[in-house]
J.: 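The structure's right below; bear with me while I get my questions together.
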Amino acid sequence: MPSIWSVYLLVQNSISVPQQHGILDLVRGSGPLVQLVLYCLILFSVVSWGIIFYKYRQIRRANKESDKFIQIFWERRNLSSINDLSRDLEASPVAQVFKAGFEELARLSRGKKETAGEGFSTELGGIDNVARALKRATSMEITKLEKSLTFLATTASTTPFIGLFGTVWGIMNAFRGLSVTHSSSIQAVAPGIAEALIATAAGLAAAIPALMAYNHFAQRIKVLAVEMDNFSHEFLNIAERHFFK
């Protein structure tokens with residue numbers, strides 16, 4: 001008569017232990033096209049995170065130096081002195097707008113000295129020239145700040161569909177294998193479906209951070225654009241009062 005321990009071991013050996021599948025096992029077990037989709041999504045994600053860290057540092061520095069420049073601008077009254085102090089604030093978009101306006105004023109001042117006795121004239125477009133210089137500098141700074149944001153928007157909008165394509169393809173292969181094995185059990189297609197769903201998860205993992213970062217940076221750039229626009233109006237008012245009388 002078998003002992004209780006022998007019966008226990010027999011029961012334990014007869015129970016099939018379910019095989020555990022990790023994420024890496026599912027990736028390695030997926031088909032070539034699904035793996036290609038996953039590598040593509042990983043590339044999108046890596047580039048997106050690189051852009052996120054770069055834009056975070058760039059916009060943070062732009063805000064910090066712009067605040068410093070605005071403080072210098074209102075504390076000083078001499079435009080030449082402000083221009084000298086702002087040379088180290090290259091990351092400040094507001095400082096770059098000021099430089100564009102100051103250079104245009106300096107050019108007009110030299111033109112005034114060259115024309116014997118002729119002063120600035122708003123009819124001749126003096127103030128309009130300064131306004132155009134400020135507007136052009138503002139557009140250039142906004143373009144510089146928005147650089148690479150298009151990739152984040154593209155990642156946010158396309159990677160879910162790329163992942164969905166990989167999932168659909170993987171599920172098609174799983175059901176195709178089901179027809180070959182002539183089995184209607186869910187266990188026959190469950191591993192293939194799980195491997196295919198990894199592509200959708202990877203697509204969402206790449207898209208969600210890119211979308212959140214894009215919205216955050218777009219809002220911060222919008223605030224900087226408003227600051228540049230407000231500063232341009234203030235600079236034009238000062239120039240018109242003191243240089244275009």
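Start at 1 with the first residue, then count along the sequence.
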J.: Can we say Lys64 and Asp67 salt-bridge, meaning some charged N sits less than 4.0 Å from an Asp/Glu carboxylate O?
T.: no

J.: Verify whether the ring centers belonging to Tyr56 and Phe217 lie closer than 6.0 Å.
T.: no

J.: Decide whether Trp74 and Phe69 are clustered together by the hydrophobic rule: side chain heavy atoms of Ile, Leu, Val, Met, Phe, Trp, Tyr closer than 4.5 Å, transitively.
T.: yes

J.: Looking at OG of Ser48 and CZ of Phe151, how far apart are the two atoms once the value is rounded to the nearest 0.5 Å?
T.: 4.5 Å

J.: Answer yes or no: is there an ion pair linking Lys99 with Glu103, defined by an N-O contact shorter than 4.0 Å?
T.: no

J.: When rounded to the nearest 0.5 angstrom, what distance separates CZ in Arg76 from CG in Asn83?
T.: 12.5 Å

J.: Would Lys68 and Glu65 count as a salt bridge (Lys or Arg N to Asp or Glu O under 4.0 Å) here? Give the steps.
T.: CA-CA 5 Å; Lys68 184 177 180 180; Glu65 293 192 3; over 6 Å; no

J.: Using the rule that two of Ile, Leu, Val, Met, Phe, Trp, Tyr join whenever any of their side-chain heavy atoms come within less than 4.5 Å, decide whether Ile208 and Leu41 are in one cluster.
T.: no

J.: Would you say Val97 and Met140 are hydrophobically clustered, going by side-chain heavy atoms of ILVMFWY under 4.5 Å?
T.: no

J.: Verify the ring-centre separation between Phe102 and Phe235: is it less than 6.0 angstrom?
T.: no

J.: Give the cluster check for Leu149 versus Leu211: same hydrophobic cluster or not, with ILVMFWY residues linked at side-chain heavy-atom distances below 4.5 Å.
T.: no

J.: Under the criterion side chain to side chain contact (heavy atoms under 4.5 Å, CB included), I'd like the reasoning laid out for Thr138 against Ser232: C-alpha separation, chi angles, the key distance, then a yes or no.
T.: CA-CA 9 Å; Thr138 300; Ser232 297; 3.8 Å; yes

J.: Apply side chain to side chain contact (heavy atoms under 4.5 Å, CB included) to Phe44 and Ile162, showing your working.
T.: CA-CA 11 Å; Phe44 268 98; Ile162 295 175; 4.2 Å; yes

J.: Between atom CG of Asn129 and atom CZ of Arg132, what is the distance when rounded to the nearest 0.5 Å?
T.: 4.5 Å

J.: Could you give the distance from OG (Ser66) to CD (Gln71), rounded to the nearest 0.5 Å?
T.: 12.5 Å

J.: Using the rule that Ile, Leu, Val, Met, Phe, Trp and Tyr join whenever any side-chain heavy atoms are under 4.5 Å apart, tell me whether Leu43 and Phe161 fall into a single cluster.
T.: no

J.: In a check of side-chain contact (heavy atoms from CB on, under 4.5 Å) between Leu152 and each of Asn215, Ile51, Val47, which one passes?
T.: Ile51

